[in-house]
Amino acid sequence: MADKPAFQKCMNVDCGATFDISQVLVACPKCGWLLDVQYEWEKLPLPNKLSDFAKHWATRDKPLDFSGVWRFRELLDFCDDRYKVSQGEGQTLLQRCDGVADYVGANKGNLHLQYEGMNPSGSFKDNGMTAAFSHAAMVGATRVCCASTGNTSASLARYAAAAGMEAIVFVGSGRIAFGKLAQALDYGARTFQIAGDFDDCMARVKEATEALNLYLVNSVNPFRLEGQKTIMLRVLEGLNWQVPDWIVCPGGNLGNSSAFGKMFGELKTLGLIPRVPRLAVINSTGAATLDRLVNSPQTLLRYNGGRFARQAICADYDWQDKTNTKPHTIASAIEIAKPVNMDKCLRALEICDGVVRAVPDEDIMNAKAQVGRHGLGCEPASAASVAGTKLLVEEGIIGRDERVVCILTGHALKDPNATVGYHTGEYDPDHKVKGDRPFANMPTPVANELDAIIKAIECK
Ligand SMILES: [Zn+2]
């Protein structure tokens with residue numbers, strides 16, 4: 001039995017079934033929709049104001065106060081401290097970046113980058129993984145699994161190694177950046193390369209989970225998203241608890257946008273923020289299912305208080321199958337055509353008056369080069385947030401004087417091939433990026449001889 005005032009609830013407004021916090025579920029057993037973790041807030045020791053969380057900094061010698069997730073634990077209080085599995089996640093940085101502001105057309109001082117690449121496994125996934133593993137430990141799970149484009153498997157493998165659980169990872173064939181695969185292998189995960197893409201892996205891992213009673217940590221796991229909520233708390237903290245005008249994040253499986261919307265909805269309900277920021281979710285044009293459903297005149301899909309045209313999503317997925325339409329983008333972390341959190345993302349877009357855009361690989365890679373050039377660096381998918389911001393400023397949707405936070409989801413070293421490919425022009429033939437590479441920084445070949453080297457250095 002749960003000893004916390006928290007429970008799981010089906011997000012289908014016509015179902016609303018509730019389940020104990022100790023149950024292991026990735027969908028409502030009654031209707032198949034996604035579940036949320038919900039709280040009886042009145043029974044929890046909530047802060048009067050967000051700045052009260054600062055008190056945990058004074059005791060950061062304690063692992064849970066050091067963690068950038070658990071030092072906000074009053075807002076995700078589903079499990080007793082003794083079960084929590086922490087790796088010091090969430091020591092991330094909200095960095096003002098005027099160089100990138102300039103690039104996207106925003107005024108100086110108005111653009112911040114939330115660099116989640118500083119997490120232990122190098123991506124935002126650790127925020128969610130610490131929460132999912134804490135739940136897994138609470139329910140006594142011993143074997144954890146996921147389907148992954150790379151970052152989830154790296155994070156899972158790391159937390160499983162720390163928690164002494166067996167890690168089982170499904171990745172697609174040829175669809176994983178080497179930095180990420182290297183991590184999964186090094187942390188000892190049993191890694192299975194399925195002959196298919198991410199969406200195939202996701203379908204198979206759900207079947208395997210059921211057949212073998214594994215603990216699934218993909219973002220269909222509602223506890224994952226509880227951890228990912230805290231990215232927004234750290235953004236607010238980085239802005240001295242002021243609410244920005246915009247949060248812009250890449251859109252793949254849509255777990256982040258879903259978690260961010262849930263967090264802001266909760267903070268507003270609890271009276272801890274005066275208003276919610278707007279949310280922009282950025283697809284790659286090579287994997288733009290959300291963009292298609294939200295923006296194409298045929299669908300114009302909106303959450304509509306939970307009574308949305310869910311059949312439009314099924315029809316889109318059927319169309320993909322029938323026409324053999326496969327996602328294809330250099331931003332492999334968002335190369336996802338059937339996002340598992342579609343329903344929750346639509347809800348987040350409603351909570352945050354959100355917009356959706358898709359940007360081509362060329363824009364993503366140019367934005368990525370700018371993020372790198374100004375000292376942070378990120379993997380390709382992360383830069384979709386910057387490329388999307390540029391587009392939205394050009395469209396006049398984001399004002400030049402509005403305060404924008406772009407979420408950089410993963411570390412620059414996650415996908416070195418993409419980075420070197422951009423700068424040298426030698427892309428993986430599968431991932432040709434057309435167009436100019438205005439920020440390419442080519443290495444210069446030079447003779448093994450001092451005079452030639454001096455000449456090369458002085459010649460700009
Ligand atoms: Zn249900």
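What you see below is based on every heavy atom in this structure, not just the backbone, and it leaves out hydrogens, waters and symmetry mates. All values derive from a computational prediction rather than experimental measurement. Atoms within a ligand are numbered from 1 in the order they appear, just like the ligands themselves.
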query = Which of these, Val355, Ile398, Val404, Asp245, sits in a side chain to side chain contact (heavy atoms under 4.5 Å, CB included) with Arg278?
reply =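 Of the listed residues Val355, Ile398, Val404, Asp245, the side chain to side chain contact (heavy atoms under 4.5 Å, CB included) partner of Arg278 is Val355.
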
key: Every N, O or S from the protein that is nearer than 2.8 Å to the Zn ion (ligand 1)   =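 As for protein N, O or S atoms lying under 2.8 Å from the Zn ion (ligand 1), they are Cys10 SG, Cys15 SG, Cys28 SG, Cys31 SG.
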
Step-by-step side chain to side chain donor-acceptor pair (under 3.5 Å) determination, Gln320 to Thr323 = CA-CA 5 Å; Gln320 291 181 37; Thr323 55; over 6 Å; no

task = Verify side chain to side chain donor-acceptor pair (under 3.5 Å) between Asn119 and Glu116, making sure each step is shown before the conclusion.
result = CA-CA 6 Å; Asn119 272 291; Glu116 289 297 312; 2.8 Å; yes

task = Give a yes or no on whether the ring-centroid distance for Trp33 and Phe308 is below 6.0 angstrom.
result =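 Ring-ring flag for Trp33/Phe308: true, centres closer than 6.0 Å.
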
request  = For the residue pair Tyr215 and His135, categorise the inter-ring angle as parallel (less than 30°), tilted (30 to 60°) or perpendicular (more than 60°).
outcome  =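 Tyr215 vs His135 ring planes: tilted.
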
task = Check the side chains of Gln87 and Arg158 for a donor-acceptor pair under 3.5 angstrom, ignoring hydrogens and angles.
result =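 Side chains of Arg158 and Gln87: pair found under 3.5 Å.
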
